[in-house]
Participant: 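Here it is: the structure, laid out below.
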2 protein chains.
Amino acid sequence: MANIKEIARISGVSVTTVSRVLNNHPYVSDDKRNAVLNTIEQLNYRRNMNAVHLITGRTKSVAVIMPLIRIYYFSIIMEGLAQEALLAQYRLVLCQTNYRPEEELKVLEMLRNKEIDGVVIVSTSLKPEVIEEYTAYGPIVTCQNSGESRFSSVYIEHYAAFRHGLQYLADKGYRSIGYCDGRKHGSSSSIRQSAFRDFHRESGLPLHEEWMIFDCLNEEHGAALLHRLSAMEERPEAIIVAGDHVAAALMIEAGKQGIRIPEDLAVIGFDNQPIGKLLGLTTIDNKLFEMGAAAFQTIHEQIHGDGGSQPVHRKLDYELIERSSV
Amino acid sequence: MANIKEIARISGVSVTTVSRVLNNHPYVSDDKRNAVLNTIEQLNYRRNMNAVHLITGRTKSVAVIMPLIRIYYFSIIMEGLAQEALLAQYRLVLCQTNYRPEEELKVLEMLRNKEIDGVVIVSTSLKPEVIEEYTAYGPIVTCQNSGESRFSSVYIEHYAAFRHGLQYLADKGYRSIGYCDGRKHGSSSSIRQSAFRDFHRESGLPLHEEWMIFDCLNEEHGAALLHRLSAMEERPEAIIVAGDHVAAALMIEAGKQGIRIPEDLAVIGFDNQPIGKLLGLTTIDNKLFEMGAAAFQTIHEQIHGDGGSQPVHRKLDYELIERSSV
DNA sequence: GCTTGCTCTGGTATCCATTTCATATTTTAC
DNA sequence: GTAAAATATGAAATGGATACCAGAGCAAGC
């Protein structure tokens, strides 16, 4: 396999000149440029990018940490990231961690080993202090509100969005509201829990502990959720569900059971998933695609900010989409 | 930043010995090994992986070509790939091409540039001959039946699976069958079209051209599909739909319109998506997760097969899951 | 006593491009 | 006409690891 030295020898120029041609530098005469291009063509030569990575200290690639790619929430963020990465001609290394912290650490080590130029952490179970240690090796952006951390973040105000949903239900006259979420101790679900409790304390509406239901991750859990609600002696008039796919499953199951929505049970979801639109599910759109895109833009700016750039914290807007489930 | 030379100098050994320690080679005495490990610890040293990639000619990473990651079909394959990549300690570079052939070519060029060790092509619009040219630079695996190509493949028998579904409908007594698919000229939808026509020719059942409907990619198209069927003078008794999410949307819309399933319209879907299970949709499970996993295993074997290995073509099983929509 | 094989170590070549510095020539500016 | 700036070129240093080869020391086998 040919290398730059051979191209230089055959073209009758120095390797420097070949390098200049490869990188479109000015100050190369037309005849030498053509000689080099001809040789490249003839030998079917391509640069060995690993050598470029070594000498430049850059790889034009960014790692993305997320637990499971098949989950709509994550796949749509990934799509936003991928769109921007394509524009910027960057590669995305998908690191699916299955919620295992040791795998997350391995990715951060990649940053240290110079395999990648930056890391986008979509969801993490690592402590902020641990992540902060790695900011010395390159830019890091999380998709969670990280407060005043030394790494950047691009985030939705889960607290405000959730309270907005609750207030919307209250304004519509619902006096008893249930809440359903995924993993109980996830970082954004903790925020939603606080929002739920704060809202009830401040509004004076009754809060039943049994109306807070966790571990609703998929469609089957959504269906089970409806049965659980049906079996309650006192059932809430409305429910706010983190994840449209779970809310949709609940609505479909409600249809089977003859429970009318919103008359018997009002439902509000999150993420504005396609299935929710079809079912007329009122939802809070977290603009996940935009979040992915913004996360990439941020990491891209930081990579080109020559290291001295300060962390940025970008808050993104959400939007309540009114349909017919409330 | 420290390098191997400095570690060697401070530890009082040669760079070779340091390298051996880093790579867990035998034939290093305990005291030298400890001296090296101590220095590494003290200087907080990490290998520069780009140097390793350059000298070894390997990067332990594989690129994945797919059009859109948010589509369930693709995200579940990606999850299968990611699971196996995690086990093998390989990185996955996600290349979302938005169906643009020039982006696919860029990824194949990466193989030539030695940025990656192999390519998994989940869906492509490139001609097999074009892909074959790149087999000289490293292993390539597609997730489409590529016949006797010089690159490997891991595939579902779309033809057989589709005919199985059609035969199942015929066996249940349906005499008029419609068909709905995504992009008309996609490689797997072409196969399904042939299967549809062949089945009708051989079974003698009537085939109406207006019962073959294309460009049904998402939930909205699924809902529109139902309206299109409703508006037909002569409507098929059953429909086979490529993609459970489209079939599910059709079912939900049918529910709204008072069209009973399967009495007024039988439906059979593909991919065994969660929403279909909830709706009682009979479907053909293409085992997409397993396909992703198998694709990674195949590329992994080829990478470690020292280049001389022949292409393999692995056929995967599908499974008809009977529920209540037929 | 001699050969063989295993353990341990290091020097040097190698992977392949970019970057800096030095130098030569040509053009522009006043 | 001369100084300054722009253009054009190449030699050598650089990034940081691994691979190959050579050689020393030591034990076992005959």
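Computed from a predicted model, the values in this text were never measured in an experiment. Proteins get letters first, then strands, A, B, ... in listed order; numbering begins at 1 in each.
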Participant: Using 0.5 Å steps for rounding, measure from the OG atom of Ser125(B) to the CD atom of Glu103(B).
Facilitator: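 Result: 11.0 Å between the selected atoms.
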Participant: CD1 of Ile4(B) versus P of dG10(C): gap in Å, rounded?
Facilitator: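 Roughly 12 Å, once rounded to whole Å.
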Participant: Lys32(A) near the nucleic acid: base, sugar-phosphate alone, or nothing, with a heavy-atom cut-off under 4.0 Å?
Facilitator: sugar-phosphate
Participant: Figure out the CZ/P separation between Arg112(A) and dG16(D), and round it to whole Å.
Facilitator: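 In whole Å, dG16(D) P lies 15 Å from Arg112(A) CZ.
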Participant: Measure the distance from CG on Leu54(A) to C1' on dT19(C) and round it to the nearest whole Å.
Facilitator: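 That distance rounds to 13 Å.
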Participant: With a 3.5 Å distance limit and no angle check, can you tell me whether Gln302(B) reaches the backbone of Gln310(B) through a side-chain donor-acceptor pair?
Facilitator: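 Checked: pair present.
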Participant: Tyr45(B) has a side chain; which of dT9(C), dG15(D), dA17(D) sits nearest to it?
Facilitator: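 Ranking dT9(C), dG15(D), dA17(D) by closest atom to the Tyr45(B) side chain puts dA17(D) first.
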Participant: For atom CG of Asp30(B), decide whether the heavy atoms of other residues, nucleotides or ligands shown that lie under 6.0 angstrom number more than 12.
Facilitator: no
Participant: Take atom CG of Asn48(B) and atom P of dT18(D), then tell me their distance rounded to the nearest Å.
Facilitator: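 In whole Å, dT18(D) P lies 11 Å from Asn48(B) CG.
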Participant: Which value, rounded to the nearest 0.5 Å, describes the distance between Tyr45(A) atom OH and Ile7(A) atom CD1?
Facilitator: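 The CD1 atom of Ile7(A) is 6.5 Å from OH of Tyr45(A), to the nearest 0.5 Å.
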Participant: Do Tyr134(A) and Leu105(A) have side-chain heavy atoms sitting under 4.5 Å apart?
Facilitator: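 Yes. Closest side-chain heavy atoms under 4.5 Å.
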Participant: Do the charged groups of Glu109(B) and Lys106(B) touch, with an N to O distance under 4.0 Å?
Facilitator: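 Salt bridge flag = no for Lys106(B) with Glu109(B).
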Participant: Starting the side chain at C-beta, find the nucleotide from dG16(D), dT9(D), dG10(C) nearest to Ser14(B).
Facilitator: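 Selected nucleotide: dG10(C).
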Participant: Check the distance between dA13(D)'s C1' and Lys5(B)'s NZ and give it to me in whole angstrom.
Facilitator: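 One finds 11 Å between C1' of dA13(D) and NZ of Lys5(B), rounded.
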Participant: Grab the CG-C1' distance between Leu43(A) and dC16(C) for me, whole Å please.
Facilitator: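 About 15 Å, once rounded to whole Å.
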Participant: What's the closest nucleotide to the Val13(A) side chain, out of dT18(C), dT9(D), dG10(D)?
Facilitator: dG10(D)
Participant: To the nearest Å, how far apart are Ile55(A) CD1 and dG15(D) C1'?
Facilitator: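 Answer to the nearest Å: 4 Å.
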Participant: What is the distance from CE of Met49(A) to C1' of dG15(D), rounded to the nearest Å?
Facilitator: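 So the two atoms are 15 Å apart, to the nearest Å.
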Participant: Strictly below 4.0 Å, heavy-atom distances to any atom of DNA chain C: list the hits from residues 16-28 of chain B, or just say none.
Facilitator: Thr16(B), Thr17(B), Arg20(B), Tyr27(B), Val28(B)
